[in-house]
Amino acid sequence: WRERRCVPVNERKKEAFPQQCPLDERGREVLLQVRELDVTFGKGNSKVCAVRKASFDIFKGETFSLVGESGSGKSTIGKAIIRAIPCSGGEIRYKGVPISGKVGRNMERQIIRNIQMVFQDPYSSLNPAKKVGWILEEPLRLQTKLTKEERKQVKEIIRKAKKNDGVINLIDTFQEFKESVLSFSQ
C-alpha cells in the first residue's frame, strides 16, 4: 500500500492569487507587472545579457503583443514570465503577487495554471513524440482532470480539422501536417 497524505479541504482549494487584480492610478486592473527585468546567460567572461531592464504592465482584458527585432529578447522575456528560465534581476508580479525567484510548490502549480505563452515557432510549442490528441488535451489536463466526454470532444475537434483532400492529416503524429496549424501562431 502506498501511503497517501490527507490534505484538509480548506488547504486543497487554497488559491495563490487573489480574485481581484490591483488597480493602477487610472483605475485599470493590472494583471501582470514586469519591472526592471534582467535575464543573463553564462557566467564570468562568457556572460551574455539577453534582456536588460525590461518593464511593462498588462491590464485585465487587454490584448498585449511584445514586438521587437529578431534576437531582441521577446521569447526570453516570455520564458522568464512563465518561469522556464530564471531572471537575474528585476521583478515579475501576477495579480500583485511576486512570481519571480523562489516560490513554493502550490504557487508553482498556480503559475502554470494561470500563465501560458503562445510561441511563434511551432517547433517550440509541439512535442514530436506525442500524438495530436495528447497535444490538444494537454492544456486541459493542466487545468483539470479530463472526463470521458471531454476526451470525445478533443477527438471530434481532430475529426473536424482533418481536410478531405488529405493535405493535413491530424489523426497521426504532427510530422504528417503543417506544424503552424497546431501552434495557432501564424
If hydrophobic clusters are built from ILVMFWY residues whose side chains come within less than 4.5 Å, do Ile77 and Val30 share one? no
Please report the closest heavy-atom contact between Val97 and Pro18, naming both atoms and the distance. CG2-CD, 3.7 Å
Between Phe59 and Ile99, is there shared hydrophobic-cluster membership here, with clusters defined by ILVMFWY side-chain heavy atoms closer than 4.5 Å? no
Does the side chain to side chain contact (heavy atoms under 4.5 Å, CB included) test come out yes or no for Ile115 and Arg83, once each step is laid out? CA-CA 10 Å; Ile115 304 173; Arg83 302 177 52 80; over 6 Å; no
Could you go step by step and tell me if Glu29 and Leu23 meet the side chain to side chain contact (heavy atoms under 4.5 Å, CB included) rule? CA-CA 5 Å; Glu29 290 185 71; Leu23 302 177; 3.6 Å; yes
Under the side chain to side chain contact (heavy atoms under 4.5 Å, CB included) rule, what do Asp57 and Asp24 come out as? Steps first, then yes or no, please. CA-CA 10 Å; Asp57 293 333; Asp24 73 348; 5.7 Å; no
With a 4.5 Å cut-off on side-chain heavy atoms, are Ile58 and Gln33 touching? no
Donor-acceptor under 3.5 Å (Lys74 side chain, Glu69 main chain): yes
Kindly say whether Ala50 contributes a backbone atom to a donor-acceptor pair with the side chain of Thr76 at under 3.5 angstrom? no
Do Thr40 and Cys49 have side chains that approach each other closer than 4.5 Å (heavy atoms only, starting at C-beta)? yes
Rounded to the nearest 0.5 Å, what's the gap from NZ on Lys95 to CD on Gln110? Could you check? 9.5 Å
OG-CZ distance between Ser88 and Arg52, expressed to the nearest 0.5 angstrom: 10.0 Å
Going from NZ on Lys53 to CD on Glu36, what distance comes out if it is rounded to the nearest 0.5 angstrom? 5.0 Å
Side chains of Leu32 and Ile81 in contact at under 4.5 Å (non-hydrogen atoms): yes
Worked verdict on Lys60 versus Glu62 for salt bridge (Lys or Arg N to Asp or Glu O under 4.0 Å): CA-CA 5 Å; Lys60 189 172 183 179; Glu62 174 183 55; over 6 Å; no
Between Val51 and Gly73, which heavy-atom pair has the shortest distance, and what is it? CG2-O, 3.8 Å
Pair listing, ring pair (Phe, Tyr, Trp, His ring centres under 6.0 Å) test, anchored in residues 62-111, at least two apart: Phe17-Tyr94, Phe56-Phe64
Compare all side-chain heavy atoms of Asp38 with those of Cys87 and state whether any distance is below 4.5 angstrom. no
Exam field: side chain Glu108 to backbone Arg105, donor-acceptor pair closer than 3.5 Å: no
Applying side chain to side chain contact (heavy atoms under 4.5 Å, CB included), run through Leu37 and Ile92 and close with a yes or a no. CA-CA 8 Å; Leu37 180 67; Ile92 302 168; 4.0 Å; yes
